[in-house]
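Everything on this sheet refers to the single structure shown next.
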Amino acid sequence: SPAWKIRRPQTLSSLLAFNMHSSAQHSRSLLLLATASLGNALLQGHATIAHVRSTTTRIHARARPVRAVATSLPLSQPTLSPPPEPSGHDAWAATLDYKAFRKDVHQLGTRLANQQGKADVEHLKRMITWSNGFGLLGMATMWMSHPLGRLLSIVGLSTWTCTRWTMIGHHISHGGYNRQDDTGRFTTYGFAVGSVYRRFRDWFDWMLPEAWNVEHNNLHHYRLSESGDPDLVERNLEMMRDIRLPRTLKYVAVAFLAAMWKWYYYAPNTYKQLKISQMRKEGKVVSEEDAHSAFVLPIALFSKEEGKKFGTGPIDFLKNCMGPYLLIRFFLMPAPLALINPAFYWAAVTNLALADVLSNIHSFIIIATNHCGNDMYKFANSCTPRSGTFYMRAVTSSANFRTSNGIDKDGVARKVHGFRADVNDFWHGWLNYQIEHHAFPQLSMLSYQKAAPEMRAICAKHNVPYVQQNVFRRLKKTADIMVGATSMRPFDASWEHTPDSFAWADQKQLEEQVLKDQLAGTSKAIA
């Protein structure tokens, strides 16, 4: 058809990814409209939800999403224009030897995993001690209202909370110490999961650890920067990117989002992914549109219809996810101070609230920036885990920050280990080794320090772009993506290494439904 202006994807998987991207646009508006209004949803409750929905409906009436799957054109029809050849910044994609690249990267990961031992567990315990030290500082001073005492309390409590997640809970939940810890405490199945007590003892935050394990360890890591990645920033903030507002206001909205993102977006959204995982195990069908729609706090608390889609509701969400943290952290923990002086209690509550804001900002800076920027690639299809494509994506869709083992301006390599190295990595939450972490999620923090120089050398050998920049430069690149100033780099489907192609169970289910609908001349899958 002459009206068909968009080149059709090369495979059914890419066709589905294109369609899911198009049909999911309206679902992103819930999060992004709320962000643009700087959190008014929390203050206005039911009225705001109704307003958001009516606004979203008006958006649909003006601009319907592209329904690529509904076309009657056969999948085998030739494209109207030839696929682009990788050139310029993308030229490396035309010459990469995926088999050789996989061999080198896989050997590095296997060797480092086999070398892990008691030293890795001792290093973990040392980092736990550092983190707990900040926690003790924060709790010992949280009754203070004097500016200096308040500052010490806020920084201590914030750093404790942030590092307990990004360093300790993160790497333990990935299994970084499963084979080295004889006690079972610092293992995937023994840390923070199974009860409120373990959660409080090991890793206490807005997110339910079991929910975060599903959303992050499974979906994000194995579908990095593709349509199935729940953390794909460019897609999740599509409304923010497209809405006609002064760009300065958009940057302000990003700042507000950074200060509240864990409780406003991340906790409810990870809990939704846990419920979806449970539903799919029971054989229930969840559409891709629902799976990737934003499930933010106002929806979790006030939209029973949305909650029912995922087998949850306000009471279930509060009881199992956010409620224990809210109650224990902000009310029970400082309660003994009320017996001494009520003023001490309220000073502690204030300091805990301010520390939460700072912890949100700290974690946003070192987490949201990991896979976002105009030099990061996004992909149309899924790939086989541990394949050459999987390792390539771990590198080209991730950015490292300053690491302890970088190269100084004089060309001399810095020490891999030691106090200075640990201090640098501690403040980055050990997320400054994001390339190595996505290639080898099951390694320890100590192993990432060892891996980075060798991974950088492997990428240089195979001409694969290895991005490493200051965290604040990455923050600017991330904010530019969020407000629509720049876009991520598309990795064309025609460049992909076909032997590494892979379809997950939910993708196969959707593909089967789409094929049935096409044969029937309908498009129920995206209705």
Side-chain angles (χ1 to χ4, degrees), residues 30-31 34-35 39-46 48-49 157-158 160-162 164-166 169-170 173 191-217 230-231 236 256-278 293-335 348-364 367-368:
L30 290 172
L31 169 64
T35 301
N40 284 340
L42 293 177
L43 301 177
Q44 298 178 15
H46 292 281
T48 300
I49 295 298
L157 292 167
S158 170
W160 179 41
T161 303
C162 183
R164 198 77 188 183
W165 172 25
T166 62
H170 183 195
S173 71
F191 191 84
V193 296
S195 68
V196 175
Y197 167 71
R198 283 187 175 182
R199 183 181 173 189
F200 175 77
R201 179 194 67 181
D202 295 333
W203 167 28
F204 207 34
D205 212 325
W206 291 107
M207 301 78 67
L208 180 68
E210 291 90 338
W212 187 77
N213 288 346
V214 170
E215 191 271 357
H216 176 82
N217 295 3
D231 297 338
N236 291 347
F256 271 82
L257 178 63
M260 62 183 187
W261 75 290
K262 284 197 294 182
W263 52 264
Y264 182 75
Y265 165 73
Y266 210 40
N269 212 57
T270 52
Y271 191 69
K272 183 194 79 169
Q273 294 298 338
L274 173 65
K275 305 301 284 188
I276 290 176
S277 175
Q278 294 171 348
S293 63
F295 193 70
V296 293
L297 187 63
I299 299 176
L301 296 181
F302 304 120
S303 179
K304 293 184 178 179
E305 291 183 3
E306 285 296 310
K308 285 181 179 178
K309 292 182 181 179
F310 313 113
T312 186
I315 296 177
D316 172 71
F317 172 68
L318 287 174
K319 176 184 176 182
N320 295 304
C321 185
M322 290 182 64
Y325 184 74
L326 178 66
L327 177 63
I328 296 174
R329 174 82 168 193
F330 296 94
F331 297 101
L332 296 184
M333 193 168 79
V349 172
T350 301
N351 290 339
L352 284 163
L354 293 174
D356 187 72
V357 173
L358 182 58
S359 179
N360 269 272
I361 295 172
H362 187 181
S363 60
F364 181 90
I367 292 175

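- Checked against side chain to side chain contact (heavy atoms under 4.5 Å, CB included), Asp202 has the following partners two or more places apart in sequence or in another chain: Arg185, Phe191, Ala192, Arg198.
- At a threshold of 4.5 Å between non-hydrogen side-chain atoms, the residues Met333 and Leu352 count as touching.
- The pair Lys262-Asp205 counts as a salt bridge, with a side-chain nitrogen and a carboxylate oxygen less than 4.0 angstrom apart.
- For the pair Asp356/Arg329, no side-chain contact is recorded, criterion being any heavy-atom separation below 4.5 Å from C-beta on.
- Side-chain atoms of Trp261 come within 3.5 Å of backbone N or O of Asn360 as a donor-acceptor pair.
- Inter-residue side-chain proximity for Trp206 and Tyr266 is flagged as unmet; no heavy-atom pair is nearer than 4.5 Å.
- At least one side-chain heavy atom of Lys275 sits less than 4.5 Å from a side-chain heavy atom of Asp316.
- Between Phe317 and Pro268, the closest side-chain pair of non-hydrogen atoms falls below 4.5 Å.
- Within the 3.5 Å criterion, the main-chain N or O of Trp212 finds no donor-acceptor partner in the side chain of Thr270.
- Proximity of Gln278 to Leu274: side-chain heavy atoms (C-beta onward) are separated by under 4.5 Å at one or more points.
- Side-chain atoms of Ser359 do not come within 3.5 Å of backbone N or O of Ala355 as any donor-acceptor pair.
- Within a 6.0 Å sphere centred on CD1 of Ile315, heavy atoms belonging to other residues, nucleotides or ligands number 12 at most.
- Under the 4.5 Å side-chain criterion, counting only non-hydrogen atoms from C-beta, Leu301 is in contact with Leu318.
- At a threshold of 4.5 Å between non-hydrogen side-chain atoms, the residues Arg199 and Val193 do not count as touching.
- Aromatic pair Phe330/Trp263: ring centres not closer than 6.0 Å.
- In this structure a side-chain-to-backbone donor-acceptor pair under 3.5 Å is missing from Ser277 to Gln273.
- No side-chain donor-acceptor contact under 3.5 Å links Glu215 and Tyr271.
- With sequence neighbours left out, Asn269 forms a side chain to side chain contact (heavy atoms under 4.5 Å, CB included) with Tyr265, Lys272, Phe295.
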